[in-house]
Each structure stands twice: as C-alpha cells, then as structure tokens.
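Quick notes on the structure that follows.
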Protein chains: 2
Amino acid sequence: MLEFILLGLLFEPESGYALKQRFAEGATYFWDADQSQIYRTLARMEDKGWLRSQLEPSEDGPDQRVYARTPQGRRAFEVWLREDPIQPPVRLPYVAQLFLLGELEDLERTVEFLTSLRTQLRQRRRALEGVASDFDVRSIEDFHADLALRLGLATARARTKWCDDALRRTRRAMRKEPNS
Amino acid sequence: MLEFILLGLLFEPESGYALKQRFAEGATYFWDADQSQIYRTLARMEDKGWLRSQLEPSEDGPDQRVYARTPQGRRAFEVWLREDPIQPPVRLPYVAQLFLLGELEDLERTVEFLTSLRTQLRQRRRALEGVASDFDVRSIEDFHADLALRLGLATARARTKWCDDALRRTRRAMRKEPNS
DNA sequence: CACGACTAAAGGACTTGTCCTATAGTAGAT
DNA sequence: ATCTACTATAGGACAAGTCCTTTAGTCGTG
C-alpha cells in the first residue's frame with residue numbers, strides 16, 4: 001500500500017526525508033508512515049525498478065538520495081489507481097474499548113472515556129477544518145484532494161456529533177441507574 | 001490490541017474457533033482477526049498467565065482447547081479498559097486512491113471509482129443497520145454495544161452521504177471540463 | 001463407504017509496521 | 001570551541017498480521 005502512495009507522492013522527484021515531511025503536513029488524513037519504513041520501502045521500490053535514485057548534495061545537511069519514478073513505476077501506480085476502492089481491515093481500538101467497557105459496569109468511567117474521546121475527536125475535526133479553510137480548488141489534483149479531505153471532515157463531524165449524543169445518553173442512563 | 005479484545009470476549013470460557021465466529025458475527029464492526037493469529041495470540045496469552053486452557057471433547061468435531069481468563073488476565077484487561085481512548089493509525093487506502101486519482105486527469109475514472117465506492121459503503125451501512133434493527137438494549141453490556149454500533153452507523157451514513165455528494169460534484173465538474 | 005462440509009487446532013513463510021539507535025553534515029547560539 | 005537543533009540516511013530487533021498448508025474428528029448425502 002505504502003509503495004503506491006509513495007509512487008503517487010513522487011509525481012516529482014524527492015528525497016525520503018521530504019516525503020516524510022509531506023506525510024506530516026498534508027497526507028496525514030489518509031495515511032501515515034514511519035521514517036524508517038519510508039526509507040526501506042523506497043529502497044525496495046528501487047530494487048523492483050519502480051524508482052531510480054541519485055545522491056545529490058543538499059544545501060542544509062548531508063547528501064540527499066533523491067528518488068524519481070521510472071516508467072514501470074508510473075505504470076504500476078496507474079494499475080493500482082484503477083483497482084476497485086480498497087477497504088482497510090476494520091480496526092477501531094477505541095470502539096473496542098467502548099464496547100467492552102460494558103464489562104466494568106461503571107457508567108462513571110464510560111462518561112470519563114467519552115469525554116476524553118470527545119476531546120480527541122474535536123481535535124481531529126479542527127485539524128481537518130484548518131486544512132479545509134485555506135483550500136482553494138484550482139486544478140484537477142486540488143479537486144481530488146478536496147474530495148478526500150471532505151470525506152475526512154464528514155467522518156469527523158459525524159463522530160463528534162455521535163460522541164455528544166453518546167455522552168447525553170450515558171448521563172441519562174446514569175440518572176436512572178445510579179447504582180451501576 | 002487483539003490480546004485485550006480477546007480478553008474482553010472471554011467473559012466466559014471459549015475456544016479459539018468460537019472466538020473466530022464471534023468476530024465474523026458481531027465484533028466485525030470494530031475489529032477482525034485472522035484465524036491463525038487468534039490461535040497464536042491465545043497461546044501467547046496463556047504463556048503470560050492471562051489465560052488458562054483445557055482440552056475438552058467436542059460434540060461435533062475434534063477436541064477443543066477452551067480458554068478462560070485468569071485473575072491476572074482480568075486485571076490486565078481492566079487496566080487496558082481504563083486507558084485513554086486509543087486512536088488507530090490513519091490508514092485509509094481508498095481515500096489515498098481517491099486523492100491520487102487526480103494524477104490520472106480522468107474524471108470519468110473518478111466517477112467510476114466513486115460509484116464502486118458507493119456500493120461498498122452502502123453495503124457496510126446496510127450490514128450495520130441490519131444488526132441495529134434487531135437490537136434491544138436490556139443490560140449495561142447491551143448499552144455499550146449499542147453505543148459502539150451507533151458510532152459505526154453514524155460513520156457509515158456520513159460516508160455514503162459524502163459519496164453521493166462527491167459523485168454529483170464530479171459529474172458537474174465533468175460537464176464544465178469535458179476535455180479532462 | 002466415499003465425499004464434501006463443517007469443526008477444530010496449529011505451524012511455516014512472509015510482509016508490514018514500530019521503536020530505537022547509529023552516523024554524519026550544517027548552522028546558529030553561548 | 002561546544003552545544004543544540006535540524007537535515008539526512010539507514011540498520012537491528014521485534015511485534016503484528018496475512019496467506020497457505022497440514023492434520024484430524026464428525027456428520028450427512030448419494
């Protein structure tokens with residue numbers, strides 16, 4: 001997966017270091033990757049012939065290994081792009097926690113949990129809203145970035161709303177059964 | 001992560017096989033796990049002293065290894081439950097595809113992609129709605145299961161709505177720039 | 001009684017991802 | 001001069017997860 005994302009981000013040649021920055025900046029809302037993994041993946045991709053690299057002197061540090069897509073790389077990327085939408089494995093740790101929190105029989109703790117979750121969800125929503133606010137669709141690339149961003153936003157908003165509602169419901173349940 | 005989910009599901013003793021069924025049935029909306037991984041994880045947990053197991057004859061097949069939580073297991077589980085909500089790493093392959101689809105400069109393909117995605121999202125939504133419809137909150141466990149389910153539902157609904165909107169926007173953009 | 005479907009457990013091989021550490025150049029502050 | 005922060009790459013060790021195969025008991029169907 002990461003291979004194809006890196007291929008996509010390499011529409012112009014860049015170093016592993018710069019690619020890592022790009023995740024930290026923009027791409028965080030659909031993927032994130034460890035520095036170590038990025039370097040290893042780039043190396044592997046070069047072995048496969050999807051990339052070629054060149055050491056280039058840097059102005060503010062040691063030499064950079066700058067990677068560029070090869071025609072094979074571009075082709076592999078397009079094949080991936082034309083695949084059906086790839087769903088991730090369902091893996092929502094905090095939902096698992098919430099689900100299993102039933103076993104504590106302690107609604108007090110559930111309220112605490114949801115309160116903390118609300119903070120997290122709001123943070124994510126605000127982060128996305130921040131990106132969205134200074135976003136101006138000029139190109140077809142921007143258009144797609146905007147679509148992706150809005151999905152994140154829609155998700156984040158639905159979840160914060162759900163969280164508020166869940167808190168209300170839990171507090172109500174607590175008033176009815178203050179013994180638990 | 002899986003360790004704690006298994007601890008949670010083992011509120012009563014069960015075999016690896018039965019636990020795998022449970023994922024397939026209900027727990028799919030917050031986690032899924034490979035059969036092979038479940039067995040290995042259970043074995044590891046027994047080594048740690050979180051579980052103990054016993055071979056028991058089965059009525060319809062070979063002997064089952066039935067696992068039960070030990071007091072240490074229960075304690076470890078509670079510690080995990082009391083942790084702050086654990087966010088998963090952001091990893092949305094289909095959003096990455098959509099984002100990078102800009103590089104194809106082919107809105108036709110984007111429409112195709114979104115159409116296919118809509119089918120997938122609707123399926124997930126319907127699956128969750130199916131579970132939700134025959135869901136009756138009787139216990140505090142049910143209450144938490146219901147909260148978790150509703151989060152899935154809210155997410156699924158927001159996403160299908162987003163997808164419909166994205167399709168409309170793309171078709172509109174296509175009429176304006178039919179050359180791309 | 002042969003066969004397929006289901007129940008049940010488990011290991012091999014591999015990929016992906018994480019955490020930590022090492023190495024080394026550059027540039028500004030003290 | 002030295003220290004810190006940032007730029008830059010890379011490897012070791014390990015954890016988590018996937019795919020595939022093996023082994024074996026049970027039960028119903030043809």
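Note on naming: letters A, B, ... go to the chains in the order of the sequence lines (proteins, then strands), and numbering restarts at 1 for each one. Quantities reported herein were computed from a predicted structural model and do not represent experimental measurements. Side chains are part of it too, since the values below use all heavy atoms of this structure and drop only hydrogens, waters and symmetry mates.
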TODO: May I have the distance from Lys20(B) (atom NZ) to dC6(C) (atom P), rounded to whole angstrom?
DONE: 15 Å
Task: Closest to side chain of Arg65(B), choosing from dA10(D), dT18(C), dA9(C) - done: dA9(C)
TODO: Taking only the side-chain heavy atoms of Tyr67(B) (C-beta and beyond), determine which of dG17(D), dA10(C), dA10(D) contains the nearest atom.
DONE: dA10(C)
Task: Proximal nucleotide (of dT21(C), dG17(C), dA9(C)) relative to the Arg91(B) side chain - done: dG17(C)
Task: Check: Phe4(A) ring centre within less than 6.0 Å of Trp50(A) ring centre - done: yes
TODO: Round to a whole Å and report the spacing from CD1 of Ile38(A) to P of dG11(D).
DONE: 16 Å
Task: Residue among Phe11(B), Trp31(B), Phe30(B) satisfying ring pair (Phe, Tyr, Trp, His ring centres under 6.0 Å) with Phe99(A) - done: Phe30(B)
Task: side-chain contact (heavy atoms from CB on, under 4.5 Å), paired with Leu2(B), selected from Met45(B), Arg40(B), Gln37(B) - done: Gln37(B)
TODO: In whole angstrom, give the distance that lies between atom CZ of Arg22(B) and atom P of dA8(C).
DONE: 14 Å
Open item on the list: Determine whether a donor-acceptor pair (one donor, one acceptor, N or O, separation below 3.5 Å) exists between the side chain of Ser36(B) and the base of dG17(D).
Closed with: no
Open item on the list: I want to verify a distance call: between dT21(D), dA8(D), dG17(C), whose nearest atom is closest to the Tyr39(A) side chain?
Closed with: dA8(D)
Task: Closest heavy-atom pair and its distance - Lys48(B), Glu3(B) - done: NZ-OE1, 2.7 Å
Task: Closest nucleotide among dA8(C), dA16(D), dT18(C) to the Gln37(B) side chain - done: dA16(D)
Task: Contact check, side chains of Leu114(B) and Leu98(B), non-hydrogen atoms, under 4.5 Å - done: yes
Task: Residue whose nearest DNA chain C nucleotide is more 5′ - Leu55(B) or Glu3(A) - done: Leu55(B)
Task: Nucleotide of dA9(C), dT18(C), dT9(D) approaching Gln64(B) most closely (side-chain heavy atoms) - done: dA9(C)
Task: Closest nucleotide among dC19(D), dA9(C), dA16(D) to the Arg44(B) side chain - done: dA16(D)
Open item on the list: If you define the side chain from C-beta out and look only at heavy atoms, does anything of Arg124(A) sit under 4.5 Å from Thr28(A)?
Closed with: no
Task: Rounded distance (Å) that lies between atom C1' of dA10(C) and atom CG of Asp47(B) - done: 14 Å
Open item on the list: Without decimals, in angstroms, what is the distance between Met45(A) CE and dT9(D) P?
Closed with: 15 Å
Open item on the list: Less than 4.0 angstrom between a side-chain N/O of Ser58(A) and OP1 or OP2 of dA8(D), yes or no?
Closed with: yes
Open item on the list: What is the separation between atom CE on Met1(A) and atom C1' on dA16(D), rounded to the nearest whole Å?
Closed with: 18 Å
Task: Earlier contact from the 5' end, DNA chain C, for Thr41(A) and Pro62(A) - done: Thr41(A)
- [ ] Take atom CD of Glu14(A) and atom C1' of dA8(D), then tell me their distance rounded to the nearest Å.
- [x] 14 Å
TODO: Mark yes or no for a side-chain to base donor-acceptor pair under 3.5 Å between Arg40(A) and dT15(C), with no hydrogen or angle criteria applied.
DONE: no
Open item on the list: Of the listed nucleotides (dT18(C), dT21(D), dA8(C)), which one gets closest to any side-chain atom of Gln35(B)?
Closed with: dT21(D)
- [ ] Would you mind reading off the distance between Asp34(A) atom CG and dC14(D) atom P, rounded to a whole angstrom?
- [x] 17 Å
